[in-house]
Amino acid sequence: GDCMIQTDAVKKLADDILREYRLYKSDRGNWESYWEELSRFVLPMKNNVYGSRQQGQKMGDELFDSTAIHANELLASALHSMLTNPATLWMWMTTGDAALDMNDEVRHFIYSCVNKMHSALNNSNFQSEVHEMFLDQGCFGTGNLRMEEDQEDIVRFSARPIYEACIGENNKGVIDRHYRSFKWAAETIIEEWGEENLPSEFVYNAQQNPRKEFEIIHCVKPRRNGKDYTSAKSLKQAKWMSVYVLVDGKHVLEEGGYYFYPHITPRWSKLAGEVYGRSPAMKCLAEIKMLNEMNKNLIRADQLNLAPPLAVPDDGYILPIQLKPFGFTFYRAGAQDEIKPLLQNVKLNMNLDTVNAIRERINKAFFIDQLQLRDGPQMTATEVMQRTDESLRIMSPMLGRQDVEFLKPLAENTFAIMSRRGLFDQAPAILRKKKVSFVFNSAIAKAQLASEVNKIQRALAAVSGVATAQPQMLDYLNSDQLIKYVFNSMGVPQPILNTDAEVKKVRTSRAQAQEEQMKMAKEQHQENMMNK
């Protein structure tokens, strides 16, 4: 078939993207050796920063201690349950106007939206992929979760280690560009893009050697004058451009786009001026390596004691010397020389306490001491809750970044996809032209709100004695607002709560019933008086 001849504009696009990719790639040179060392000790299954690993290759040969591996897994599991627990509604929407948020129609509309979004995420592969992303953050400091629209499951996710990508920030410090390099066999490239969209030279070479691999760069970055999902007519006009470039021959394979930025790249913490994040593992890499070396030496000392090097005379014994049980070693009768161990009782000036102290420091760096309740005297349920809330509040500065760089884009992208597909109910009239934003009731947010509720409880306890004697004091309390605030703060599901209209109905029928009762009692009383 006819092969693609590209215009000057398309050639310039390919040149620009390849030039940008090389610049971003050279910028992260220092990080690569750092990531390679971290992955060796903390995430050995992802130890492939330089891309030279073969499939099925054995990993972790130089590992003698797995403290950091377990600590990272524990931290990832804790983040998963605290931020995106599949069993709880961990996101909510707000108009920024507290009175409007309390409106029954608005509350029920928001509940229906977040419930549908929560189900969509749980029915996709989100829960399995997000755990991988948390593991990457604990080790490399930067997560990399790709999010795409899916015809059947609404959304689809893919977590890839950050070393497979180059990222760039905009002037506000928000990551808005992503370059990924990967290799595909020639036959796969033809299957994906078709011979007619490829240079004739490439097609000819592919017929000679279909399994030969070629490098492709996939770039996602903002499109000048791009439009968002509400106004873009096609992906060619969308806010984000998506371009695949075949490096060989600088050929654009495909130019499309996204209505939303598909790469969610949260950073654990970040130094000013750096684009890539820093991780808990980076804080304690020295301890991780030291503990590994100490364990290696402990094992070596044990081996020397168990099977010491031997001093063997050069004459009188027939080699090889059999050191196994029931092994026979022949020597010349009458020979005076003996085989002797060269080293005996090898001791290290290092004990288990030293090893455990370093282990403790590694666990501290991964916040394991905050995430696990210590064994102590028997605690009441309230004390357990207080201790948990305190631990979560200590972690809140690190996790504030997760709200902004992970949960917010995740929720906004899911909302954009589902809105465009018309999967939500019609918004109530009161919400028309109003902007809503997302808030997250993760375990951390709940712990912070719980402290607000504790203040209310303490205030009520402080005045309860006086209020018994002078009930008119409680006129200062708006009990309806109080109960709504407490229930919302504690994350009580909306369907359990009655709307204002339903409460009014209940109160009216109660007042009517009381009136009816009083009327009957009055009639009964009059009857009794007449009978006397």
Side-chain angles (χ1 to χ4, degrees), residues 32-50 52-75 135 138-140 279-366 368-369 372 374-375:
E32 288 172 10
S33 54
Y34 205 176
W35 291 333
E36 198 270 333
E37 194 169 16
L38 286 161
S39 63
R40 272 208 328 261
F41 295 106
V42 184
L43 207 50
M45 64 175 176
K46 295 190 184 182
N47 179 9
N48 192 24
V49 175
Y50 298 114
S52 53
R53 195 174 92 204
Q54 300 299 309
Q55 283 194 25
Q57 191 178 323
K58 199 167 140 199
M59 308 301 298
D61 278 358
E62 69 266 47
L63 269 183
F64 293 91
D65 184 85
S66 57
T67 305
I69 297 172
H70 293 312
N72 190 36
E73 282 173 358
L74 267 171
L75 177 63
L135 284 171
C139 176
F140 303 118
S279 68
M282 289 176 181
K283 280 191 302 192
C284 62
L285 184 58
E287 278 94 345
I288 293 169
K289 286 161 74 178
M290 180 160 57
L291 188 58
N292 200 57
E293 201 59 35
M294 286 165 94
N295 270 352
K296 190 174 167 181
N297 288 334
L298 281 170
I299 293 164
R300 192 176 280 161
D302 269 353
Q303 284 177 323
L304 285 171
N305 285 328
L306 186 67
L310 301 174
V312 183
D314 64 348
D315 191 23
Y317 283 83
I318 298 170
L319 300 177
I321 290 161
Q322 300 278 337
L323 291 175
K324 60 187 182 189
F326 306 113
F328 291 94
T329 299
F330 295 97
Y331 67 98
R332 191 179 301 125
Q336 294 304 305
D337 293 328
E338 319 169 25
I339 298 172
K340 290 177 187 159
L342 266 179
L343 297 167
Q344 272 181 309
N345 300 326
V346 178
K347 280 195 176 68
L348 287 175
N349 291 333
M350 168 175 71
N351 58 23
L352 212 54
D353 290 346
T354 320
V355 171
N356 284 338
I358 294 172
R359 211 161 259 160
E360 193 71 24
R361 295 212 298 261
I362 294 170
N363 283 331
K364 251 193 169 69
F366 281 94
I368 305 307
D369 56 332
Q372 290 181 329
R374 303 260 162 188
D375 293 334

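Just the heavy atoms: all of them, side chains too, but no hydrogens, waters or symmetry mates, feed the values below. Every value quoted in this text rests on a predicted model; they were computed, and no experiment measured them.
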Original post:
Is Lys289 salt-bridged to Glu293, cutoff N-O under 4.0 Å?
Top reply: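 Salt bridge between Lys289 and Glu293, a charged N being under 4.0 Å from a carboxylate O: no.
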Working to the nearest 0.5 Å, report the span between [atom1] of [X] and [atom2] of [Y].
X: Asn72; Y: Phe41; atom1: CG; atom2: CZ; result: 14.5 Å
X: Ile362; Y: Ile368; atom1: CD1; atom2: CD1; result: 11.0 Å
X: Asn48; Y: Ser39; atom1: CG; atom2: OG; result: 8.5 Å
X: Asp65; Y: Ile299; atom1: CG; atom2: CD1; result: 9.0 Å
X: Leu319; Y: Ile321; atom1: CG; atom2: CD1; result: 5.5 Å
X: Leu342; Y: Leu310; atom1: CG; atom2: CG; result: 7.5 Å

Within a strict 4.5 Å, meaning less than it, do heavy atoms of the [X] and [Y] side chains meet?
X: Ser33; Y: Tyr50; result: yes
X: Glu36; Y: Arg40; result: yes
X: Leu285; Y: Leu38; result: yes
X: Asp337; Y: Tyr331; result: no
X: Phe330; Y: Gln322; result: no

Residue pair [X] / [Y]: nearest heavy atoms and the distance that separates them:
X: Val355; Y: Met294; result: CG2-CE, 4.2 Å
X: Ala281; Y: Ile288; result: O-CD1, 4.1 Å
X: Phe366; Y: Gly138; result: CE2-O, 3.8 Å
X: Pro280; Y: Ala365; result: CB-O, 3.4 Å

Subject >> Flag, side chain of Asn292 to backbone of Phe64, donor-acceptor distance under 3.5 Å >> reply: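 Checking the backbone N and O of Phe64 against the side chain of Asn292, a donor-acceptor pair under 3.5 Å is found.
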**OP:** Among Arg359, Glu360, Arg361, find the one that has a side-chain hydrogen bond (donor to acceptor under 3.5 Å, both in side chains) with Thr67.
**Re:**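 Per the side-chain hydrogen bond (donor to acceptor under 3.5 Å, both in side chains) rule, the option paired with Thr67 is Arg359, out of Arg359, Glu360, Arg361.
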